[in-house]
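In this text the structure is predicted, and so the values were computed from the model without any measurement. Ligands are counted one by one from 1 in listed order, and the atoms in each one are counted from 1 as well.
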Amino acid sequence: MSRFAIGIDLGGTQVRAALVDEHGKIHQRLEERTDAEAGPDRVLGQIAGLTERLRSACGPADVAGLGVSAPGPLDTELGIALDIPTLRGFSDYPLREELQKRLRLPVSLENDGIAAAIGEWQFGAGLGLRNLVYVTVSTGIGGGVIADGRVLRGRKGMAGHVGHMSIVPDGLMCSCGARGCFEAYASGTAFTRRARMRIAACEETSLAKIGDALDSRSVFAAAENGDPVAQALVAEEAAILGRGFTSLIHIFSPEIVIMGGGLSQQFDRLQAGIQSHVERCAMPAFRDVRVVPAALGQNSGVVGAAALALLLQPSAVAL
Ligand SMILES: [Zn+2]
């Protein structure tokens with residue numbers, strides 16, 4: 001009989017939950033809109049409700065534990081949410097202890113970028129590798145690193161906040177309060193902001209007709225239809241991603257860089273630009289490192305969180 005774990009991916013807009021077996025297969029998946037303004041009690045109630053529904057699907061005794069991926073920074077050694085900007089009330093909040101009390105299950109807690117890296121490493125694009133960097137490019141940018149066959153966690157378990165490496169001195173303001181971060185230039189939010197600036201600069205572009213509905217998908221679609229301004233925006237995005245990924249390649253020497261998050265749905269349109277930046281700008285010995293899309297799509301986090309609960313049992317390998 002299979003062993004199961006429940007993975008939770010707690011985000012600022014959605015909370016996703018999945019019943020996952022030891023081979024990384026999702027048996028059932030649920031999601032609902034996060035009640036982000038309502039405070040921890042309500043959000044933990046949402047997690048508990050989803051967990052109970054999944055537990056009843058397989059028999060409570062078969063569930064090894066609960067793995068929770070949440071936006072950082074989290075001190076995963078102490079199990080505390082230090083400050084989650086997108087969720088009200090999660091400042092210095094003992095998330096792991098409160099969940100264990102409610103659910104009477106072992107709970108593992110992980111920063112979301114690291115959880116997604118674990119998902120891709122154990123069951124996705126990084127299967128069998130000893131060194132990889134995972135980068136999620138979405139509203140913000142996060143990441144996680146597998147180095148020498150182990151999860152790189154760093155002090156307090158907070159390693160891998162790759163979105164906040166500085167790429168431009170005194171550059172654009174980032175959501176973290178600093179200036180010039182990779183996230184402020186390469187996230188999906190930054191990409192659409194640049195598109196709006198081009199439109200406002202009265203450049204001749206079909207994007208001007210879209211108005212408030214403009215999002216990253218509309219820019220990619222316009223580029224596909226031959227709009228030169230949209231094509232330039234896509235090329236620029238690929239170059240900025242390539243620049244950040246090249247730094248990560250130099251620092252961690254991964255076998256691959258895995259790109260996940262919302263923007264990775266357009267990976268085919270970004271790949272050539274990203275890869276050519278790596279081939280031009282990395283030191284020669286690093287130029288053969290490939291950038292690939294996440295194999296688990298938006299499930300990397302939920303599967304990684306479940307993997308933690310399955311594999312972090314005392315007798316299992318140390319992730
Ligand atoms: Zn930042």
Side-chain angles (χ1 to χ4, degrees), residues 9-14 34 36 69-76 80-93 95 109-117 132-145 147 151-197 215-216 233 236-252 254 257-264 270 274 277-278 281 291 294 300-301:
D9 187 0
L10 173 61
T13 49
Q14 293 286 318
T34 312
S69 153
L74 311 170
D75 183 334
T76 54
I80 290 174
L82 296 174
D83 184 21
I84 305 181
T86 48
L87 296 172
R88 183 190 291 265
F90 282 84
S91 289
D92 292 321
Y93 181 77
L95 183 53
L109 187 62
E110 196 69 82
N111 279 286
D112 52 6
I114 296 179
L132 66 87
V133 174
Y134 170 87
V135 183
T136 177
V137 184
S138 204
T139 314
I141 291 185
V145 175
V151 181
L152 185 71
R153 289 200 171 84
R155 189 177 71 98
K156 301 185 188 179
M158 299 190 300
H161 279 78
V162 300
H164 305 289
M165 66 178 168
S166 181
I167 61 165
V168 178
D170 296 323
L172 295 172
M173 185 62 85
C174 178
S175 65
C176 72
R179 285 186 178 275
C181 296
F182 183 36
E183 173 173 308
Y185 287 84
S187 66
T189 313
F191 178 61
T192 47
R193 190 196 309 124
R194 256 197 318 278
R196 287 203 182 87
M197 283 167 59
D215 61 9
S216 57
L233 284 161
E236 199 177 341
E237 177 66 18
I240 301 167
L241 287 170
R243 175 184 294 263
F245 293 173
T246 299
S247 288
L248 296 171
I249 288 168
H250 286 145
I251 295 166
F252 295 107
V257 175
I258 302 172
M259 178 174 158
L263 233 59
S264 70
L270 292 164
I274 293 171
H277 191 96
V278 173
C281 301
V291 180
S300 312

For Asp215, all residues meeting salt bridge (charged side-chain N to carboxylate O under 4.0 Å, His left out), sequence neighbours excluded
Arg217
For Arg179, what residues pass the salt bridge (charged side-chain N to carboxylate O under 4.0 Å, His left out) criterion, not counting sequence neighbours?
none
Option passing side chain to side chain contact (heavy atoms under 4.5 Å, CB included) with Asp75 (candidates Leu82, Leu95, Leu109, Asp92):
Leu82
Does a side chain donor of either Ser69 or Asp112 reach within less than 3.5 Å of an acceptor in the other side chain?
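Looking only at side-chain atoms, Asp112 and Ser69 do not form any donor-acceptor pair under 3.5 Å.
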Apply side-chain contact (heavy atoms from CB on, under 4.5 Å) to Thr192 and list each qualifying residue two or more places apart in sequence or on a separate chain.
Arg196, Ser216
So Val257 and Leu248, side-chain contact (heavy atoms from CB on, under 4.5 Å) or not? Walk me through it.
CA-CA 9 Å; Val257 175; Leu248 296 171; 5.6 Å; no
Closer than 2.8 Å to the Zn ion (ligand 1), what protein N/O/S atoms do you find?
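Correct list: His164 ND1, Cys174 SG, Cys176 SG, Cys181 SG.
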